[in-house]
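Contents: one structure, followed by commentary.
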Amino acid sequence: SMLRLFEYSDYSDWAAVSSRMAPLFTKAATLSERSPVRQEASRIAGLSTDPLVRAQQALKIVQQQVRYVYVGLNGGNFTPATADETWERRYGDCKGKTALLLALLQELGVDAQPVLANNQGNDDGLNERLPSPLVFDHVLVQATIGGKRYWLDGTLPPNYLPSEVPLMPYRWILPVAHSGASL
């Protein structure tokens, strides 16, 4: 369904986009020494030793206690607010909510990473386009728990739990990794 399109990119491949985004989320998900988010993680850890239950509780906190508000100023289109800042403000966009969820999961010992996606459904043929972060309009979390991959989206209402199938029918996603990742 694409019309004529002129594209250019400074990225050599999708792995370059992935590795460029990784430090932004690593920094944003790093908690300060006295972060109140650590206390929330400790409280969750006391509820259960099951990593899936812990992930559900962390997701529930991000969904229920932090409002979704798009933040697109001062580099906000790509740079997430920190987990501590998002928790303190009690609002954040998908990037800030993802950073908060990643921080909680990290404290709980759950292996997770951010994943770039396109929620508008126009990712058909994305693999044929030049690599660019501009083709993505959303970020969520992919966690590995008990050998299974789960999707966690902090922007959704709290009745959406970690799921083995994403809510949106993504054709292409880009995992965010320091070593780079492919579509």
Side-chain angles (χ1 to χ4, degrees), residues 15-117 119 133 136-146 149-158 160-163 166 173-181:
V17 175
S18 172
S19 64
R20 172 64 181 98
M21 301 301 284
L24 300 176
F25 282 94
T26 298
K27 181 178 179 182
T30 301
L31 298 173
S32 67
E33 196 172 300
R34 296 179 189 224
S35 173
V37 177
R38 291 183 195 276
Q39 294 170 348
E40 285 297 314
S42 185
R43 186 187 63 74
I44 293 170
L47 298 174
S48 175
T49 58
D50 183 340
L52 183 56
V53 171
R54 288 178 169 192
Q56 289 171 342
Q57 291 299 311
L59 178 60
K60 185 177 174 182
I61 284 174
V62 174
Q63 290 170 334
Q64 288 184 331
Q65 297 188 30
V66 179
R67 292 185 324 269
Y68 175 80
V69 175
Y70 173 69
V71 180
L73 303 173
N74 196 21
N77 287 334
F78 294 110
T79 306
T82 67
D84 286 327
E85 184 178 26
T86 301
W87 181 253
E88 183 180 322
R89 296 189 304 202
R90 296 301 171 120
Y91 72 84
D93 59 12
C94 62
K95 297 176 299 295
K97 289 178 88 120
T98 292
L100 177 57
L101 183 53
L102 288 168
L104 283 165
L105 294 173
Q106 183 175 317
E107 289 291 309
L108 294 166
V110 176
D111 181 33
Q113 68 180 347
V115 176
L116 301 177
N119 269 5
F136 302 105
D137 64 0
H138 191 57
V139 62
L140 62 157
V141 172
Q142 205 175 61
T144 303
I145 303 169
R149 187 176 359 197
Y150 289 90
W151 300 79
L152 295 80
D153 191 336
T155 66
L156 296 175
Y160 290 98
L161 300 173
S163 171
I173 53 103
L174 183 64
V176 175
H178 286 279
S179 60

[X] atom [atom1]: more than 12 heavy-atom contacts under 6.0 Å:
| X | atom1 | value |
| --- | --- | --- |
| Tyr68 | OH | yes |
| Arg90 | CZ | yes |
| Gln65 | CD | yes |
| Arg43 | CZ | yes |

For [X] versus [Y], what's the shortest heavy-atom pair and its separation?
| X | Y | value |
| --- | --- | --- |
| Gly92 | Val66 | N-CG1, 3.9 Å |
| Lys97 | Gly154 | CE-O, 2.8 Å |
| Ala99 | Ala81 | CB-O, 3.7 Å |
| Arg54 | Ala45 | NH2-O, 3.2 Å |
| Ser32 | Asp84 | N-OD2, 2.8 Å |
| Ala143 | Val110 | CB-CG1, 4.1 Å |

When rounded to the nearest 0.5 angstrom, what distance separates [atom1] in [X] from [atom2] in [Y]?
| X | Y | atom1 | atom2 | result |
| --- | --- | --- | --- | --- |
| Phe25 | Leu116 | CZ | CG | 6.5 Å |
| Asp111 | Gln142 | CG | CD | 10.0 Å |
| Leu161 | Leu156 | CG | CG | 10.5 Å |
| Gln56 | Tyr160 | CD | OH | 16.0 Å |
| Leu174 | Met21 | CG | CE | 9.0 Å |
| Asn119 | Leu140 | CG | CG | 7.5 Å |

Less than 4.5 Å apart, any side-chain heavy atom of [X] and any of [Y]?
| X | Y | value |
| --- | --- | --- |
| His178 | Pro23 | yes |
| Ile61 | Ile44 | yes |
| Leu31 | Trp87 | no |

Could you go step by step and tell me if Val69 and Arg89 meet the side chain to side chain contact (heavy atoms under 4.5 Å, CB included) rule?
CA-CA 11 Å; Val69 175; Arg89 296 189 304 202; over 6 Å; no

Verdict with supporting geometry, Ile173 and Trp151, side chain to side chain contact (heavy atoms under 4.5 Å, CB included)
CA-CA 12 Å; Ile173 53 103; Trp151 300 79; 4.0 Å; yes

Check whether any side-chain N or O of Ser48 sits under 3.5 Å from a backbone N or O of Val53 as a donor-acceptor pair, and report yes or no.
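No, because the side chain of Ser48 does not come within donor-acceptor range (under 3.5 Å) of the backbone of Val53.
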
Can any side-chain N or O of Ser18 pair as donor or acceptor with the backbone N or O of Ala177 at less than 3.5 Å?
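Side chain of Ser18 to backbone of Ala177, a donor-acceptor pair under 3.5 Å: yes, one is there.
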
Show me the donor-acceptor pairs within less than 3.5 Å that the side chains of residues 100-108 make with the rest of the protein, sequence neighbours left out.
from   : atom 1 : to    : atom 2 : distance (Å)
Glu107 : OE2    : Arg38 : NH1    : 2.9

